[in-house]
Amino acid sequence: MTARPLRLLIIGAHPDDADYAAGGTAALYAAGGNVVRMVSLTNGDAGHHAQPGPKLALRRRAEAAAAGAVIGAAYDLFDIHDGELLPTLENRAKVIHLIRSFEPDIIFTHRPNDYHPDHRYTSQLVQDAAYMITVPAVVPGTQHLMKNPVIMYLPDEFQKPYPFQPTVAVDVGPVLNTIVDMLHCHESQFYEWLPYNTGILDSVPAAEPERKAWLSAQVKARLRKQAERFRKLLGQCYGPEGAKIEFAEAFEPCEYGAPLDEPARGRLFPFLPTH
Ligand SMILES: [Zn+2]
């Protein structure tokens, strides 16, 4: 009997959050023959210093589609203005519809305490949808689900009210170049807006190979730092091999999703060693 492919849904606020925070794990899922869908709850139309607005939204839709195509995943944008996402009933219904129609085994999303209001409300909307997806009378136009998926939070560095507490860490070294290939598609972000916003626009190389190498160095530094931060957890997940892992992503279970017990963990993270 062949197992049904797993279905991973990553719900971010902006059209680069999903692959930025979980691109490696998404690539491992896809490489294993599973189905990955990435979604941005906003259209990203505020994410530029010089060219905000509808043209940027179109540009970011194309960038996201290209990033998803790197791993054969759909990458969809909701048509909600960037910076204006709110946890309204209307948006909750959209998220309920999204989850019900995709039927994910597992969802990744932001934590509820995060610097960006769109990230916070994305998390809030996923939490608000979590149980409601099983209630037939809620958003009756779409078939309810009989079970909640597992929901995991993406990493961040915020300390209040409590720091990120992952229970799963993933070695993303084998797919590091794939992560860079995905992020490289978000030209408007990684080579324009984010360097402008952090005051390093002058350091972005103009030519294609140089700027991709520049991006790669940044991605490596960030994921290497995460591997150090989650070293103990990597040891729990990979045994002695965990000490050698250079690049990592990590995830924290959300209590409003299905519990990530041992059988669920083995099923939903098939690329982790069993020991
Ligand atoms: Zn974001």
Side-chain angles (χ1 to χ4, degrees), residues 8-26 36-54 56-68 70 73-88 91 94-95 98 107-129 151-159 164 166 179-180 182-201 215 218-219 222-223 225-226 249-252 254:
L8 167 65
L9 178 61
I10 313 178
I11 305 177
H14 305 114
D16 58 347
D17 289 330
D19 34 345
Y20 179 82
T25 304
V36 177
R37 184 168 176 195
M38 296 183 279
V39 174
S40 168
L41 294 193
T42 74
N43 62 16
D45 62 356
H48 207 281
H49 48 294
Q51 315 157 326
L56 178 63
L58 279 177
R59 188 178 177 202
R60 296 195 70 182
R61 193 172 291 275
E63 289 174 346
V70 170
Y75 203 140
D76 302 311
L77 278 56
F78 279 25
D79 201 14
I80 295 171
H81 289 304
D82 189 349
E84 297 185 7
L85 182 69
L86 288 172
T88 60
N91 288 338
K94 288 179 187 168
V95 173
L98 167 71
I107 297 173
F108 295 163
T109 194
H110 302 287
R111 286 209 305 159
N113 299 287
D114 193 332
Y115 77 105
H116 200 299
D118 291 344
H119 292 193
R120 291 198 291 274
Y121 296 137
T122 295
S123 186
Q124 183 73 54
L125 283 162
V126 173
Q127 290 182 31
D128 290 353
I151 301 173
M152 308 285 289
Y153 292 132
L154 302 167
D156 61 59
E157 297 185 359
F158 299 98
Q159 301 296 306
F164 181 64
I179 301 172
V180 176
M182 293 170 87
L183 299 183
H184 178 67
C185 297
H186 300 284
E187 189 179 59
S188 69
Q189 302 303 294
F190 294 102
Y191 302 127
E192 299 174 23
W193 162 240
L194 295 169
Y196 172 84
N197 190 233
T198 51
I200 57 166
L201 194 56
L215 176 65
Q218 289 185 352
V219 172
R222 177 171 61 87
L223 297 177
K225 202 171 133 201
Q226 280 194 169
E249 290 173 350
F251 306 97
E252 171 186 330
C254 160

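As the structure lists them, so they are numbered: ligands from 1, and atoms in each ligand from 1. Note that the structure is a prediction, hence the values are computed from the model and not measured.
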**Item:** Residue-atom pairs from the protein, N, O or S only, that lie under 2.8 Å from the Zn ion (ligand 1)
**Value:** His14 ND1, Asp17 OD1, Asp17 OD2, His119 NE2
**Qualifying residues under side-chain hydrogen bond (donor to acceptor under 3.5 Å, both in side chains), relative to Gln51, sequence neighbours excluded** = Arg59
**Message:** Aromatic contact between His14 and His116, with the criterion being ring centroids under 6.0 Å apart: yes or no?
**Reply:** yes
**Asked** Centroid-to-centroid, Tyr153 to Phe164, below 6.0 Å?
**Response** no
**Asked** Between Arg120 and Asp114, is there a donor-acceptor pair closer than 3.5 Å when you use the side chain of the first and the backbone of the second?
**Response** yes
**Asked** Can Asp156 and His119 be counted as having a side-chain donor-acceptor contact under 3.5 angstrom?
**Response** no
**Message:** When you compare the side chains of Asp19 and Tyr75, does any donor N or O come within less than 3.5 Å of an acceptor on the partner?
**Reply:** yes
